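What follows is one structure encoded as structure tokens, with my remarks underneath.
Quick note: numbers below take in every heavy atom, side chains included, and nothing from hydrogens, waters or symmetry partners. The chains referred to below are lettered A, B, ... by the order of the sequence lines, with proteins before strands, and numbering in each begins at 1. All figures in this text were calculated on a predicted structure; none of them were measured in a lab.
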Protein chains: 2
Amino acid sequence: MAPNPKHAVLDRLADIGAALAHRARLQILDLLAQAEQTVETIALKTNIPLKSTSAHLRVLREAGLATTRREGTFVVYRLADPEVHRLISAMLGIAERRSADVRDLTRRFFDDPDGAEPVTATELRRRLDRGEVTLIDVRPADEYQQAHIAGAHSVPLDTLARHSAELPRDRAVVAYCRGATCVLAATAVRRLRRAGFTAHLLRDGVPDWNRRGFPVVRQPHTTRVHP
Amino acid sequence: MAPNPKHAVLDRLADIGAALAHRARLQILDLLAQAEQTVETIALKTNIPLKSTSAHLRVLREAGLATTRREGTFVVYRLADPEVHRLISAMLGIAERRSADVRDLTRRFFDDPDGAEPVTATELRRRLDRGEVTLIDVRPADEYQQAHIAGAHSVPLDTLARHSAELPRDRAVVAYCRGATCVLAATAVRRLRRAGFTAHLLRDGVPDWNRRGFPVVRQPHTTRVHP
DNA sequence: CCAATATTCTAACGACTATTAGAATATGTC
DNA sequence: GACATATTCTAATAGTCGTTAGAATATTGG
């Protein structure tokens, strides 16, 4: 009620909190951490109706978590600050440490069917340097294009069946997607195993990998998002 | 609506966001990051009515951000995870980078009246090692007691007038309090200057200082909070 | 076991949020 | 300039949150 300066600052932080307080917006932020996107793409990928998507994006913009850029008739959204993704990972870390429910839920997705642990980032990096594994990025192609782990090949999940013939069978395949709340890579691993590959999962996404200081290939900002 | 496993995880994260979406709760978390506290202490220090405080604490507990411990008839709250404080600093960082308003607001509090910049943590540490400054912790005594910067003296703000006679006048005094959203230290600096001291402000609080890996003196958990 | 104290639970009000239909705006194309 | 397209704004409804009074619970000390 009394907006003293300290309260004013806290209220702005509370706005950020409020922006993080909805499933849909967290999903959108996770997407934006992968690549800048148009409203329509976001709506399609997240399965949120367009108008709701627009409304959620407005909240994110007003909280200072996202910004826009016009690209012709399209409006392209991106994270306002690279640190935003860290907020979500910090929340996930706390949730996993505190709540057995959340631990179980993420495990159910990410643990290998045969009970093997996902590959750690450090180990993957070592094996990549030695050329021991094939790393595939199973996100949609536009996300790969904007930023991917150095050395990864783009094999979007829906093209996996077609492209798996081209993958070398004499070494392990490691798949990754958007990170800890994304299930594309887990599905890919399951399918690859069924097809006879030695396949593993990397739980990290590009933003996590990048934050560890590991090499990421990034495309300069000038990209046209729609051709 | 359809609580698929991925949505279930996101909903738990959204609960954390919702818990961060209120001025009062951010204030409480900031307090808890300093020291564990009883409901009553929290209510007093934050000026939030007891019943509201209790309600907010319940939200924090249910989101997994705080936990309790009983101490006789008192219930003592503490952060459930040391990482929780990082969430708030990350939000503040984003807000300051994105919003000129927030920058101005925090500056108005923290910039020295004569326009000097606050002391940085690294510099303070160097000067402390050399014995060049007197470091005072102006938070309430119980917070100092539970954790303080190594080498700091406890001079709660309301005892400053009485104790300032004991401070050496031949070297600079540096004051700190809870961190970036706390104004005790800024007030202390202003008063010390008026009293003729060379006084500087440290913007960091104990949790920030600790996170940098700098030395903190911590009291083991067995403390009785009320004597 | 009773009283005293600290805290939480229950409930109810008003204030805010989510969703989404329909109108409005902005950009590009012909 | 008229038209098509992408997006946002306006508004209205249903649902959720904040606050706080009053009842209920838990612990300690007699």
May I have the distance from B:Arg61 (atom CZ) to C:dT7 (atom P), rounded to whole angstrom?
12 Å
Would one find a side-chain N or O of B:Arg58 under 4.0 angstrom from OP1 or OP2 of C:dC9?
yes
note: A:Gln37, atom CD; D:dA6, atom C1'; distance rounded to Å ~ 16 Å
Interatomic distance, A:Ile28 CD1 vs D:dT7 P [rounded to whole Å]
13 Å
Nucleotide-resolved protein contact map, nucleotides 15-30 of chain D, B/S/- at heavy-atom distance under 4.0 Å:
---SSBBB---SBS--
Look at A:Tyr77 and D:dT8 and indicate whether a side-chain polar atom (N or O) is within less than 4.0 Å of OP1 or OP2.
yes
Measuring only between side-chain heavy atoms, which start at C-beta, is A:Val174 closer than 4.5 Å to A:Thr134?
no
Between the first and last five pairs of the helix from C:dC1-D:dG30 to C:dC30-D:dG1, the angle of the axes, rounded to 10 degrees
30°
Measure from CD1 on A:Ile42 to C1' on D:dA6 and round the result to the nearest Å.
13 Å
Taking NZ, NE, NH1 and NH2 as the nitrogens, is one of them in A:Asp204 or A:Arg211 under 4.0 Å from a carboxylate oxygen of the other?
no
From CG of B:Leu50 over to C1' of C:dT8, roughly how many Å is that when rounded to an integer?
10 Å
Verdict with supporting geometry, A:Glu40 and A:Lys45, salt bridge (Lys or Arg N to Asp or Glu O under 4.0 Å)
CA-CA 9 Å; A:Glu40 202 183 4; A:Lys45 289 186 185 172; over 6 Å; no
Taken to the nearest whole Å, CZ/A:Arg69 to C1'/D:dT8 is 19 Å
Between B:Glu62 and A:Arg98 (salt bridge meaning N to carboxylate O under 4.0 Å), is one present in this structure?
no
Atom pair distance, as rounded to whole Å: CD in A:Glu40 and C1' in D:dA4
14 Å
Could B:Asp208 and B:Arg203 be called an ion pair, given the rule that one side-chain N must be under 4.0 Å from one carboxylate O?
no
Indicate yes or no: at least one non-hydrogen side-chain atom of B:Gln27 is less than 4.5 angstrom from one of A:Leu10.
yes
Hey, are A:Asp30 and B:Lys6 close enough for a salt bridge, meaning a charged N less than 4.0 Å from a carboxylate O?
no
For the pair A:Ile136 and A:Tyr176, evaluate side chain to side chain contact (heavy atoms under 4.5 Å, CB included) and give the outcome as yes or no after the intermediate values.
CA-CA 7 Å; A:Ile136 63 171; A:Tyr176 75 90; over 6 Å; no
Minimum heavy-atom separation for A:Tyr77 and A:Ala66, please, with both atom names.
CD2-CB, 4.3 Å
Take atom CZ of A:Arg23 and atom P of C:dT17, then tell me their distance rounded to the nearest Å.
19 Å
